[in-house]
Amino acid sequence: MQLRSGIGAKAAAVVALAALVTACGNGADGAGAQKPATAADTGVGAGSAAKPADGAKDSATVLRTEQQIQSALPDPSQMHEWTPRTGRAHVEEHPKSLAECGPDADWECATVATGSAKFEAFGETVVFGIRAYPEQKAAQDACGKEAARSAKYTEANVPALPGVTSHAYYRNAGGLDGLDLVMCTGTVMAEIRLEGPGSDLDPATAHRLAQGVFVPRIQAAAAAS
């Protein structure tokens, strides 16, 4: 399954994230099983103690390396009963400059690096995607263009995230209903997509994963760079 906005979809030099294909926790089976906890729920797990430095929410740090992208994606130990399925990071060998892209380019232009990580539990899938840009304005412009294109979809009521520009909506892609939460912080555009037959597409789930796991990981990766 590909992220709707194309996050992490470039083909060349894709690097597998070995940690994300390692089994994580012992998921329970059976109808009516409670949705799994994450570090967002419990406050524990790798990365949960990694606080971004002061001002990290407005960090101008550009995530240009595979290691930086990997660090920004959720660690399997944060996800508890969620099982990691795939993960990858990719750095553009010849990224386009903002001048080359021009004002009318789509949100994929000027990307310097991308990454994605997929987890599953009880029939629900969550995909985390990240797209890094060469400066904050480029990231904000990309979010604005994505928001304008997705305005035709039904809005999902995901609460606002402190210090993060975000919007969320429901969309059917490839025959699967999904909820997409798109966020901009610093020099990146990030996305969380929920889907799968076991998913109730709960905005609260997307919010918890963003606020408790993904956004702190992105901000900590930027602060550490």
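These numbers come from the heavy atoms of this one structure, side chains and all, not from hydrogens, waters or symmetry mates.
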Closest approach of Leu181 to Ser166 (non-hydrogen atoms, all atoms of both residues)
CD1-CB, 4.2 Å
Please determine whether a side-chain nitrogen of the Lys or Arg among Asp141 and Lys137 lies less than 4.0 Å from a carboxylate oxygen of the Asp or Glu.
yes
Contact summary for Ala139 and Cys184, nearest pair of heavy atoms
O-SG, 3.1 Å
State which residues pass side-chain hydrogen bond (donor to acceptor under 3.5 Å, both in side chains) with Asn157; sequence neighbours excluded, sorted by chain then number.
none
Given 3.5 Å as the limit, does a donor-acceptor pair link the side chain of Glu100 with the main chain of Lys96, or not?
no
Nearest non-hydrogen partners of Ala206 and Ile192, listed with the distance
O-CD1, 4.0 Å
Using a 4.5 Å cut-off on heavy atoms from C-beta on, say whether the side chain of Leu209 contacts that of Met79.
yes
I need the Phe214 CZ to Met183 CE distance, nearest 0.5 Å.
5.5 Å
Report the C-alpha distance between Arg64 and Val91 in whole Å, list the side-chain angles of each, state the deciding distance to 0.1 Å, and finish with yes or no for side chain to side chain contact (heavy atoms under 4.5 Å, CB included).
CA-CA 7 Å; Arg64 297 183 180 274; Val91 175; 5.8 Å; no
Relative to the ring of Phe128, is the ring of Phe119 parallel (under 30°), tilted (30 to 60°) or perpendicular (over 60°)?
perpendicular
Within a strict 4.5 Å, meaning less than it, do heavy atoms of the Trp82 and His80 side chains meet?
no
Between Glu195 and Arg193, is there a salt bridge with N-O shorter than 4.0 Å?
yes
Is there a side-chain contact between Gln140 and Tyr133 (heavy atoms, below 4.5 Å)?
no
If we only count heavy atoms from C-beta on, is the Pro162 to Gln211 side-chain gap below 4.5 Å?
yes
Could you grab the distance from atom OG of Ser71 to atom CD1 of Ile218, nearest 0.5 Å is fine?
12.0 Å
Could you tell me whether the side chain of Ser150 reaches within less than 4.5 Å of the side chain of His167, counting heavy atoms only?
yes
Taking the side chain as every heavy atom from C-beta outward, state whether Arg131 and Glu108 have any atom pair closer than 4.5 Å.
yes
Sort out for me which residue in Val182, Ile130, Thr165 forms a side-chain contact (heavy atoms from CB on, under 4.5 Å) with Met189.
Val182
Write down the atom of Pro216, the atom of Ala210, and the distance for their closest heavy-atom approach.
CD-O, 3.5 Å
Roughly how far, to the nearest 0.5 Å, is CD of Glu124 from CG of Asp202?
8.5 Å
Measuring from Asp177:CG to Leu194:CG, what's the distance to the nearest 0.5 Å?
12.0 Å
Out of Val62, Thr61, Val112, which one pairs with Thr187 under the side-chain contact (heavy atoms from CB on, under 4.5 Å) rule?
Val62
So which atom in Ala132 and which in Leu63 form the shortest heavy-atom distance, rounded to 0.1 Å?
CB-O, 3.4 Å
With distance as the sole test, does Ser199 use its side chain to make a donor-acceptor pair with the main-chain N or O of Leu201 at under 3.5 Å?
yes
Indicate the atoms forming the closest heavy-atom contact of Val158 with Ala168, along with that distance.
CG2-CB, 3.6 Å
Under a 4.5 Å side-chain heavy-atom rule over Ile, Leu, Val, Met, Phe, Trp and Tyr, are Val126 and Leu161 clustered together?
yes
Is there a side-chain contact between Pro203 and Tyr170 (heavy atoms, below 4.5 Å)?
yes
Are any non-hydrogen side-chain atoms of Leu98 and Glu135 less than 4.5 angstrom apart?
yes
Look up atom CG in Asp75 and atom CZ in Arg217, then write down how far apart they are to the nearest 0.5 Å.
5.0 Å
So CD of Glu146 and CH2 of Trp107: to nearest 0.5 Å the spacing works out to 5.5 Å
